[in-house]
Structure formats: C-alpha cells, structure tokens
There are 2 protein chains.
Amino acid sequence: MDQVNQLQAFKQHVESYVLFNADEWLELEKYLTYIQLKKKDYFVEKGKVCQYFGFIAAGSVRYFNIRNDGEEITNFFSFANELVSSYKSFVKQQPSIIYVQALEDTSLVCISHSNIQKLTEHPLLAHKMERFGRLVAEYYLCCYEDRVQAFITQSPEERYVELLKDGQDVLQRIPQHYVANYLGVTPVSLSRIRKRIFIPAK
Amino acid sequence: MDQVNQLQAFKQHVESYVLFNADEWLELEKYLTYIQLKKKDYFVEKGKVCQYFGFIAAGSVRYFNIRNDGEEITNFFSFANELVSSYKSFVKQQPSIIYVQALEDTSLVCISHSNIQKLTEHPLLAHKMERFGRLVAEYYLCCYEDRVQAFITQSPEERYVELLKDGQDVLQRIPQHYVANYLGVTPVSLSRIRKRIFIPAK
DNA sequence: TTAAAACGTTAACAAAAGATAAGTAATTTA
DNA sequence: TAAATTACTTATCTTTTGTTAACGTTTTAA
C-alpha cells in the first residue's frame with residue numbers, strides 16, 4: 001500500500017471523529033510519519049517509551065506481555081483501520097509495560113508524541129486536535145468498559161461465544177493460543193471450551 | 001459539606017488536569033450543577049441516559065448491573081475526589097447499561113451533557129475544556145488498561161492481594177460481596193480466598 | 001425494640017480451569 | 001526438502017471455582 005492510499009485511509013478514519021477542511025489537512029499532513037513494520041517487528045517494546053500513536057492502514061498487531069516464566073500473554077489485537085499505541089506509555093511518556101508487535105507486514109500512519117504536543121498548541125489545529133484526542137480516548141474507554149464488563153459478568157465460555165459472533169474473520173487470522181489469553185484462559189482450556197461448544201454431549 | 005467547599009475540591013481536582021485563571025473559573029462556574037444524593041439514591045439508572053458527569057466532593061458510589069436472575073453485579077467504585085458517570089451512556093447519550101448508586105450520602109459537582117457541549121464551543125473555555133475532556137478520558141483509559149491487564153495476567157487471589165495493598169481503606173467501607181464481584185468471583189469464593197491468605201496452611 | 005433482611009463463613013458436591021505431558025498436524029526455516 | 005519449531009488437541013491429575021444450603025451475626029427498618 002502506497003503512502004497516498006495510506007493517507008486516504010487515515011483521513012477517512014480521522015474524519016469519523018472530527019472534520020478537517022483542506023487547508024487544515026495540508027497543515028496536519030506535515031506532522032505525520034509513515035512507518036512500515038515487517039511481520040514480528042515491534043511497534044513498542046516493554047521498558048521503552050512509546051513514541052508514536054499509529055493508525056493501521058494495512059496489517060494487524062498484537063499487544064502482549066511476557067511473564068516471569070517466559071510465557072507470552074496476549075492482551076489485545078488491532079487491525080486495519082484501527083488505531084494502535086501502548087496508550088498509557090504514550091500518554092504519560094513512561095516505559096511501556098507491554099510489547100506491541102506486527103502479526104503480519106503492517107503499514108502505519110503515525111504521529112509522534114512531540115508532534116501531538118505541537119498540534120495541541122497549534123493555532124490552526126489545536127481545538128480540533130484536542131477534540132480528536134478526547135474522542136479517541138473515549139472510544140477506547142468504551143471498548144475497555146465492555147471488556148471489563150465481560151470479565152465480570154461472563155464465563156470464559158460465554159466470552160468465547162460472544163467473540164465468535166462478532167469476530168469470525170478476526171479469529172481465523174489469529175493463532176488460537178493468543179485468543180485464549182485474550183479471553184483470560186489457558187490455551188488448553190480454550191481447546192476444551194471449543195470441544196464443549198462444537199461437539200455437545202450426547 | 002457546603003457548596004463553597006465542594007467547589008473548592010472540584011477546582012483542585014480540575015486543576016490537576018488543566019489550569020484555569022480566575023476569569024475562566026467565574027465563567028465555568030455558571031455551568032455547574034450541585035447534586036446531593038442520599039445513600040442508595042441513583043446517580044444513573046439502567047435504561048436511562050446519563051445526563052451528568054460528576055465530581056464526588058464527598059461520599060462514594062457503586063457501579064452495578066442486575067443479572068437476569070436478579071443478582072446485582074458490582075463493576076466498580078468511585079470515592080471522594082474522583083469523577084463519576086456512566087461514561088458510555090454520557091458520551092454517546094444512549095441508555096445506560098449500568099446503575100450508579102450512592103454507597104453513602106454523597107455530594108456531587110456536576111456538568112450536564114448539554115453544558116459540556118456549550119463549554120466545548122465556548123469562545124473563552126473551549127480549548128481548555130477539550131483538553132480537560134481528553135485528559136480525563138485518558139486517565140480513565142489508563143485505569144481500565146490496568147484492570148483488563150489484571151484480569152488477564154492475575155488469578156482472583158492475586159487480584160485480591162493487589163487490592164489489599166493499595167485499597168485497605170476502601171475495602172473496609174465496602175460490603176465484601178461487592179468486592180467479590182469487582183474481582184470477578186463469587187462472594188463464597190472470596191471468603192475462601194481470604195481464609196487461604198489469612199490462615200496459611202500449617 | 002423486635003422482626004426481617006442482609007452479611008460473611010463454612011460445608012458438600014459438581015463443574016471448570018490450571019499444570020503437565022504426550023502425541024499429531026501444520027508451519028517455518030535452514 | 002528435511003529438520004526443527006510451533007500449534008492444537010487430548011488425557012490425567014490437582015486445584016480452584018461455582019452452586020446450594022445451612023448457620024450465626026450484624027444491620028436495617030417497621
């Protein structure tokens with residue numbers, strides 16, 4: 001995917017939050033950074049400060065942690081036309097507690113933290129950029145609200161069934177043990193859940 | 001607690017995000033609503049649109065859900081000097097999926113949704129209000145990020161031990177079965193966890 | 001103040017999940 | 001392409017959790 005198309009996709013996504021006119025876009029474009037990740041490249045590594053806030057024009061990423069025993073624990077995924085960052089690390093400019101890694105070759109349109117600072121002080125763009133930042137945070141906040149709600153009110157099996165409903169395409173692209181972590185269970189347990197669901201007891 | 005003190009506490013909290021000068025405060029104050037809740041009064045009810053975004057000057061609230069079988073499931077708590085709203089409902093102006101109820105008599109400094117709209121278009125205050133909104137959303141997003149992380153990487157027992165560390169005072173004020181829900185386990189299970197922790201096997 | 005309701009603990013049993021290991025299939029990569 | 005690695009399932013055993021019910025205590029409300 002070339003930069004023109006990446007920018008196009010980025011614009012479309014941003015405008016689902018806030019509308020910018022042509023002049024504003026010309027100015028905003030100066031602050032964008034294009035980043036290409038190959039499969040397994042890191043967008044952020046644990047212990048390092050997340051420098052960019054990214055939009056996935058193409059590809060996908062996985063957010064994970066490494067336990068003391070070396071096991072990788074997957075928290076989350078982001079796909080094309082979604083945003084990506086180690087949010088807390090980016091916002092607070094503190095070392096990330098997670099890794100964010102490309103699941104496949106991935107094209108990103110990014111804004112660095114220092115450019116975000118400049119944009120939120122920019123005479124022409126400040127107001128809309130603040131609003132954009134707020135709406136993005138609110139969007140993800142609502143996602144997390146749902147996710148916490150699910151952990152509290154649903155069993156792992158129910159969470160998996162729910163995920164099957166609105167994430168068929170997603171599930172097919174992701175190794176199952178990553179999904180298991182995402183649901184908060186072990187891969188072995190997810191395998192049993194699948195067995196229970198697909199081959200009901202006679 | 002009288003309104004002067006409530007406003008004082010509110011100002012202090014807001015200024016931990018964004019600084020407003022005296023003139024700005026005088027203007028902003030026009031948009032505030034003071035709400036008193038008696039114990040067990042609702043701040044928001046399920047199915048109704050959350051009209052206010054509130055700051056708890058004194059008191060505390062509990063966020064909960066009612067399951068099909070009538071059981072109440074507690075999601076979250078907010079205490080004095082914290083913000084409260086059914087975030088998703090307030091932001092999207094759609095019916096709340098949860099109840100928010102006062103755990104004790106509670107004094108709130110609130111801004112209505114329509115006033116938030118006016119403030120984010122206000123010639124004097126817009127920029128700072130947008131920033132305030134963004135920083136608040138980011139703050140809560142980080143809280144949720146931690147909470148989801150805890151569900152994925154920790155056992156209920158570990159989550160409880162963690163909660164004991166930084167929430168001693170909180171735990172003493174809240175019925176234990178509310179805490180159990182918050183941790184994602186049943187009250188019976190939390191009782192067993194407590195037994196395991198406090199009376200270690202000989 | 002007394003009766004009713006709500007709380008927390010414990011017990012007993014069933015269901016589910018974790019840990020470990022083994023075995024097969026699929027994918028990677030040298 | 002062959003060897004190595006990774007992924008998924010299955011089995012066994014242990015631990016934890018859920019469910020239901022009982023019991024004494026505390027709190028609430030009539």
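Each chain gets a letter, A, B and so on, in the order its sequence line appears, and its residues count up from 1. Worth knowing before you read on, the calculation uses all heavy atoms, side chains too, and leaves out hydrogens, waters and symmetry mates.
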Seminar exercise, completed: Shortest non-hydrogen pair, A:Ile98 vs A:Ser86, comes out as CG1-OG, 3.6 Å
Exercise. When the aromatic ring centroids of A:Phe90 and A:His113 are compared, is their separation below 6.0 Å?
Worked result: yes
For this session: Starting from C1' on C:dT29, measure out to NZ on A:Lys38 and report it in whole angstrom.
Result: 17 Å
Exercise. So which one's nearest nucleotide on DNA chain D is more toward 5', B:Ser155 or B:Lys39?
Worked result: B:Ser155
Problem set entry | Separation of atom CD in A:Glu104 from atom C1' in C:dT27, rounded to whole Å | 16 Å
For this session: Applying salt bridge (charged side-chain N to carboxylate O under 4.0 Å, His left out), name anything that partners A:Lys30, two or more places apart in sequence or on another chain.
Result: A:Glu27
Seminar exercise, completed: Separation of C:dT27 atom P from A:Lys40 atom NZ, nearest Å, is 14 Å
Exercise. For the atom pair CD (B:Glu157) and OG (B:Ser189), what is the distance rounded to the nearest 0.5 Å?
Worked result: 9.5 Å
Seminar exercise, completed: To the nearest angstrom, the CD1-C1' distance between B:Ile193 and D:dT15 comes to 12 Å
For nucleotides 6-8 of chain C, list the nitrogen or oxygen atoms of the protein found under 3.5 Å from its nitrogen or oxygen atoms, one pair per line.
unit_1 : atom_1 : unit_2   : atom_2 : d
C:dC7  : OP2    : B:His177 : NE2    : 3.3
C:dG8  : OP1    : B:Gln176 : N      : 2.9
C:dG8  : OP2    : B:Gln176 : N      : 3.3
C:dG8  : OP2    : B:His177 : N      : 3.2
C:dG8  : OP2    : B:His177 : ND1    : 3.0

For this session: Measure the distance from CG on A:Leu171 to P on D:dC8 and round it to the nearest whole Å.
Result: 12 Å
Exercise. Going by atom types only, do B:Glu104 and B:Ser60 share a side-chain donor-acceptor pair under 3.5 Å?
Worked result: yes
Problem set entry | Ring-ring centroid check A:Tyr42 A:Tyr99, cutoff 6.0 Å | yes
Problem set entry | N-O pairing of B:Arg147 and A:Glu145 below 4.0 Å | no
Exercise. Just to confirm, is there a sub-4.0 Å distance from OP1 or OP2 of C:dA16 to any side-chain nitrogen or oxygen of A:Lys195?
Worked result: no
For this session: Give one of base, sugar-phosphate or nothing for A:Pro187, where a contact means two heavy atoms less than 4.0 Å apart.
Result: nothing
Problem set entry | A:Ile152 CD1 - D:dG18 C1' separation (whole Å) | 17 Å
Problem set entry | Distance in angstrom units between A:Arg196 CZ and D:dT10 P, rounded | 13 Å
Within the sub-3.5 Å range, which N or O atoms of nucleotides 18-25 of chain C have a protein N or O partner, and how far apart are they?
unit_1 : atom_1 : unit_2   : atom_2 : d
C:dG18 : OP2    : A:Thr186 : N      : 3.3
C:dG18 : OP2    : A:Thr186 : OG1    : 3.1
C:dG18 : OP2    : A:Ser189 : OG     : 3.4
C:dG18 : N7     : A:Arg192 : NH2    : 2.7
C:dG18 : O6     : A:Arg192 : NH1    : 3.3
C:dA19 : N6     : A:Arg192 : NH1    : 3.4

Exercise. To the nearest Å, how far apart are B:Glu158 CD and D:dT16 C1'?
Worked result: 13 Å
For this session: Measure from the ring center of A:Tyr182 to the ring center of A:Phe77 and say whether it is less than 6.0 Å.
Result: yes
Exercise. For the residue pair A:Pro187 and A:His177, what are the closest heavy atoms and their distance?
Worked result: CG-CB, 3.5 Å
